[in-house]
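Have a look at the structure below before the remarks.
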Amino acid sequence: MPRKEHRGAAAVSRSKRMGSARSARGGPKLTPAEEELLHRQALAMAIHQHLDSGGSMSRRIDAGASLSRRMAPGSTSSRRRGDLPDSVTNAKPAQIVLENLETKKIVLVHGEGFGAWCWYKTISHLEEAGLEPVALDLTGSGIDHTDTNSIATLADYSKPLIDYLDKLPEDEKVILVGHSCGGASVSYVLEHCPKKISKAVFLTATMVKDGQRPFDVFSEELRSADVFLQESQFLVYGNGKDKPPTGLMFDKQQIKGLYFNQTPSKDMALAAVSMRPIPLAPIMEKLSLTPEKYGTVRRYFIQTLDDHMLSPDAQEKLVRENPPDGIFKIKGGDHCPFFSKPQSLNKILLEIAQIQSPAAQLPGKASSEEPVAEKS
């Protein structure tokens, strides 16, 4: 897509997003033809980014309005309402009280093989609520053209995130949201610059303990690391067969079964032209995490209950062994709820954004809950 047309498509997508906001207030809903157009624009942007070799190291993706369907009539929520603000329990993002937020900036960190492009629905929802989402490409991901075979450490892989946080004003904090193995980058950042982070959200992610590797979280699904490295047919040997493997790449059927078992087919098509090989070294590296740094930041975990990549049992084990400050659950969500359950994910992120620090809470108010995002 030529740049001029690309800018035109972006303008159309912004116009459609405004139309989606009007629809939520009672105006006409998007027609199937309009939804189809928005999906095509998102796909075109992803292809354009791969062809654009002059792209920046990290790019914010804003690819159009929400394409998820409205919640089915008559559905109910099983989350407890007693301590939640009305804006959350009624699921009306426009009523969020922005002045009470610790920060409006939410940094979205993609998982293995993905890029900033995967957050396009989440970005649209959060912006409509008045927040400031930013999605970054980690090294060798999205439109970052670094050879994934050259990524040797988690620090290398997470460098765009570290660089972004280093450039923030001294008194500014962000909410970090990490998906899947992006949780390792979030944990790494919590240890190295905790004062920049207001809260950390692990979205069906590798919320590892001190001394644990991100790969260990998936060991029940993918076998032990030693066996996997010897027998897996999905390994990439970028430096030659006589050298250790450098990456990992599942085939299309494997990706569909593990990641996208509830994802719309159009989003799977977007992923098919956008996903990159997974650098192996960062997920095989043991993290060093301390209570004095990592332990000072509030953590929240979002479980997806129809996840084939990180099973519900594995997620329960994660939160049991490394307890977060809050647990949220999405019914019917696969490993990529930003595709399969974007509205449910958005409601949870808005709720977490509104949680005040312990010092700001009233005495005696409950601080640990496990609300379940309703099925939409």
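Lys252 pairs by the salt bridge (charged side-chain N to carboxylate O under 4.0 Å, His left out) definition with nothing, not counting sequence neighbours. Every residue meeting the salt bridge (charged side-chain N to carboxylate O under 4.0 Å, His left out) condition with Asp163, not counting sequence neighbours, appears here in chain and number order: Lys159.
Looking only at atom types and distance, the side chain of Asp307 has a donor-acceptor partner in the side chain of Thr204 under 3.5 Å away.
Applying the ring pair (Phe, Tyr, Trp, His ring centres under 6.0 Å) definition to pairs two or more places apart or across chains, those involving residues 258-293 are Phe114-Tyr259, Tyr259-His335. Residue pairs meeting the salt bridge (charged side-chain N to carboxylate O under 4.0 Å, His left out) criterion with at least one partner in residues 196-207, sequence neighbours excluded, are Glu102-Lys199. Residue pairs meeting the salt bridge (charged side-chain N to carboxylate O under 4.0 Å, His left out) criterion with at least one partner in residues 282-297, sequence neighbours excluded, do not occur; the list is empty.
When all heavy atoms are compared, the tightest approach of Leu154 to Ser185 is CD1-OG, 4.0 Å. The two residues Pro282 and Thr153 have their closest heavy-atom pair at CG-O, 3.8 Å. Between Leu235 and Leu280, the shortest heavy-atom contact is CD2-CD2, 4.0 Å. The two atoms that bring Met309 and Phe218 nearest to each other are O-CD2, 3.7 Å, heavy atoms only. Here the closest heavy-atom approach between residue Ala353 and residue Leu131 is recorded as CB-CD1, 4.5 Å. Taking both residues in full, the closest heavy atoms of Ala200 and Val186 are given as CB-CG1, 3.9 Å, listed atom of the first, atom of the second, then distance.
In this structure, Ser187 contributes its side chain and Gly183 its backbone to a donor-acceptor pair below 3.5 Å. Remark: the backbone N or O of Glu112 is not paired with any side-chain donor or acceptor of Ser180 at under 3.5 angstrom. No donor-acceptor pair closer than 3.5 Å links the side chain of Asp306 to the backbone N or O of Gly332. Checking side-chain atoms of Gln212 against main-chain N and O of Leu287 turns up no donor-acceptor pair under 3.5 Å. Of the possible polar contacts, none joining the Ser158 side chain to the Ala155 backbone as a donor-acceptor pair under 3.5 Å is found. Using a distance-only test at 3.5 Å, with no hydrogens or angles considered, no donor-acceptor pair links the side chain of Arg213 to the main chain of Ile283. Between the side chain of Gln315 and the backbone N or O of Thr304, at least one donor-acceptor pair lies under 3.5 Å. Judged purely by atom type and a 3.5 angstrom limit, Asp144 uses its side chain to pair as donor or acceptor with the backbone of Gly140. Side-chain atoms of Arg298 come within 3.5 Å of backbone N or O of Gln356 as a donor-acceptor pair.
Atoms OG1 and CD1, on Thr246 and Ile278 in that order, are 12.0 Å from each other to the nearest 0.5 Å. A distance of 8.0 Å separates OG1 of Thr146 from CZ of Arg276, quoted to the nearest 0.5 Å. Taken from CZ in Arg299 to CG in Asp325, the straight-line distance is 6.5 Å, to the nearest 0.5 Å. Residue His110 holds its NE2 atom at 9.5 Å from CG of Leu161, rounded to the nearest 0.5 Å. The distance from the CZ atom of Phe339 to the CG atom of Asp334 is 9.5 Å, given to the nearest 0.5 Å. Atom CD1 of Ile123 sits about 6.0 Å away from atom CG of Leu108, to the nearest 0.5 Å.
Linking ILVMFWY residues whenever their side-chain heavy atoms come closer than 4.5 Å, directly or via other members, places Ile197 and Leu101 in the same cluster. Note on Trp119 and Met268: same hydrophobic cluster, where clusters join Ile, Leu, Val, Met, Phe, Trp and Tyr whose side-chain heavy atoms are under 4.5 Å apart, directly or indirectly. Residues Tyr157 and Val236 do not share a hydrophobic cluster, defined by chaining ILVMFWY side chains whose heavy atoms lie under 4.5 Å apart.
A heavy-atom distance below 4.5 Å is not found between the side chains of Lys347 and Glu351. Side chains of Tyr300 and Ile348 form no contact here, defined as non-hydrogen atoms less than 4.5 Å apart. Between Ile106 and Val134, every side-chain heavy-atom pair lies at or beyond the 4.5 Å cut-off. Counting heavy atoms from C-beta outward, Lys243 and Tyr237 have side chains that stay 4.5 Å or more apart. Contact annotation: the side chain of Met249 never approaches that of Phe234 to less than 4.5 Å [non-hydrogen atoms, C-beta and beyond].
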Could you walk me through whether Met284 and Phe215 satisfy the side chain to side chain contact (heavy atoms under 4.5 Å, CB included) test, starting with their C-alpha distance in whole Å, then the side-chain angles of each, then the deciding distance to 0.1 Å, before giving a yes or no? CA-CA 6 Å; Met284 291 296 181; Phe215 182 89; 3.5 Å; yes
Evaluation steps, side-chain hydrogen bond (donor to acceptor under 3.5 Å, both in side chains), between Thr290 and Glu191: CA-CA 7 Å; Thr290 63; Glu191 180 65 23; 2.8 Å; yes
Would Val189 and Ile162 count as a side chain to side chain contact (heavy atoms under 4.5 Å, CB included) if you check the C-alpha gap in whole Å, the side-chain angles of each, and the deciding distance to 0.1 Å? CA-CA 7 Å; Val189 166; Ile162 293 288; 3.7 Å; yes
Start with the C-alpha gap between Phe202 and Val177, add the side-chain angles, then the distance that decides, and say whether side chain to side chain contact (heavy atoms under 4.5 Å, CB included) holds. CA-CA 6 Å; Phe202 292 81; Val177 180; over 6 Å; no
Verdict with supporting geometry, Thr139 and Asp156, side chain to side chain contact (heavy atoms under 4.5 Å, CB included): CA-CA 7 Å; Thr139 306; Asp156 293 340; 5.6 Å; no
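Considering Val319, Leu310, Leu318, Ile330 as possible partners of Gln303, the one that fulfils the side chain to side chain contact (heavy atoms under 4.5 Å, CB included) test is Val319. Among Leu138, Leu136, Leu203, the one residue that satisfies the side chain to side chain contact (heavy atoms under 4.5 Å, CB included) test with Val109 is Leu138.
Between His179 and Phe338, the ring-plane angle classifies as perpendicular under the 30° and 60° cut-offs.
Salt-bridge check for Lys104 with Glu127: failed, with every basic side-chain N at 4.0 Å or more from each acidic carboxylate O.
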Determine all donor-acceptor pairs shorter than 3.5 Å in which one atom belongs to a side chain in residues 166-176; sequence neighbours excluded.
from   : atom 1 : to     : atom 2 : distance (Å)
Glu172 : OE2    : Lys105 : NZ     : 3.3

